[in-house]
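Here is the structure we will look at, set down as structure tokens.
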Amino acid sequence: MTAHTPEPNNPNDQALLAELDRLGADDRETPAGYEDRVLEAVLHASSDASAMPDVLAREPRAHRRLRFPSAISIGALSGLAAAIAVAVIIVPPSEDPTTPIALNDADEAWLLAEVMDALDDPAESFASFDALSTELDALDPDADDGVEDVLDLYSADSAGGLL
Amino acid sequence: MLIVETVSRQINTPIGEQDLAEASELRDLVRRARHNDPAAWRDLIGRYSGRVFALVQANLRDRDAAEEISQAVFVRVVEEFRKDRYEESGRFEPWLFRIAMNMVRDRARKQRTRGSHMQIRHDETGEPAVNERAEFTPLRDAISRLSEADQQIIQLRHHAELPFQTIAQLLEQPVGTLLARHHRAIAKLRAMLEETTPARGTA
């Protein structure tokens with residue numbers, strides 16, 4: 001047997017399984033008041049967000065913002081290669097949101113890396129890309145939103161719509 | 001083959017009246033939660049939030065992040081309910097934990113991109129993150145050295161406490177494949193632990 005082949009009835013495997021169960025139990029010990037805070041968040045979301053579009057209902061991110069769709073265009077998919085052009089304008093939250101500042105190279109590279117990383121499985125991702133584009137197009141052109149919101153939308157869809 | 005037999009019993013056990021009653025109870029809970037019944041939400045959160053927390057904690061080893069993401073998971077469930085994107089088919093558990101896994105994956109990706117993923121695992125002294133019990137550190141470190149797929153099966157089974165059938169639904173893979181992967185992951189873990197702490201091999 002190799003080192004990677006468990007031996008039948010190996011007591012060390014049994015002990016390890018028990019230790020894994022204890023580790024899992026240790027990680028299931030949650031901080032005091034945790035369940036109440038989760039419940040509060042859920043009830044707040046279920047009562048407060050019902051009248052708002054999904055993306056816009058989220059808390060604005062503090063560290064960066066985008067304006068779109070006028071400032072973002074995503075497109076140009078060809079075969080297995082995806083060419084995604086993302087034109088973004090970043091608005092620091094402390095400044096006048098009507099005075100956008102161009103996204104610097106590092107931020108743009110980061111954003112593109114995120115999007116390309118989400119395209120790890122082209123077949124799966126491409127299938128949902130239209131849905132993402134539709135959702136982006138439906139957003140209020142005057143609304144601010146965060147990079148994470150775009151990626152959250154995308155990742156949710158790229159994972160099969162979570163369903 | 002005690003492990004295989006134990007797992008086999010778990011998989012092949014016929015669905016009994018108790019299972020059906022539990023499935024029916026869960027369906028009712030989910031239905032009521034979709035209609036914003038606070039009592040149903042409290043029950044669902046009581047059942048699952050600790051397991052979701054553990055799954056996130058096992059991945060990120062950061063209890064603050066685990067709480068933040070766990071809350072976000074349940075808020076996402078609210079949003080998915082509201083958008084009517086959940087279809088009741090007796091598969092709430094795999095659906096819930098898939099959301100959790102997606103959020104963990106997204107967070108891990110962002111941390112990788114920003115070059116900060118190691119900072120949440122260890123503090124400046126190189127010691128394990130606070131709130132981690134030292135007795136589990138060798139095991140946690142060994143798990144972190146497994147492949148992503150092997151880590152996944154360990155965490156879903158032992159942290160999220162999911163049956164292999166549910167994991168199979170979640171990952172859309174055959175149960176046999178997952179059993180084999182789990183079996184191999186255990187062997188790899190044992191080999192790694194025996195290598196780092198030789199006394200473990202003499203049990």
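Nothing here was measured: the structure is a model prediction, and the numbers come from that model. So that the names make sense, note that chain A is the first sequence line, chain B the second, and so on, each numbered from 1.
Using modelled atom types and a 3.5 Å distance limit, the side chains of E93(B) and Y48(B) yield a donor-acceptor pair. Side-chain contact check for R181(B) and Q173(B): at least one donor-acceptor pair (N or O, by modelled atom type) lies under 3.5 Å.
Closest non-hydrogen pair, F97(B) versus A160(B), comes out as CE2-CB, 3.6 Å. E29(A) and F53(B) get closest at one heavy-atom pair: O-CE2, 3.9 Å.
Taking E67(B), Q155(B), R42(B), R51(B) one by one and counting their heavy-atom pairs under 4.5 Å with chain A, the maximum is reached by E67(B). Counting heavy-atom pairs under 4.5 Å between each of L20(A), T30(A), D36(A) and chain B puts L20(A) at the top. Most heavy-atom pairs under 4.5 Å with chain B, from the set V38(A), L39(A), L23(A): that is L23(A). Between chain A and the residues V77(B), I154(B), I45(B), the most heavy-atom pairs under 4.5 angstrom are made by I45(B).
The aromatic rings of F81(B) and W95(B) lie parallel to each other, with less than 30° between the two planes, well short of the 60° mark.
Interface remark: L55(B) contributes no atoms to any contact with chain A (heavy atom separation under 4.5 Å). Looking at L44(B), there are no atoms closer than 4.5 Å to chain A (heavy atoms on both sides), in backbone or side chain.
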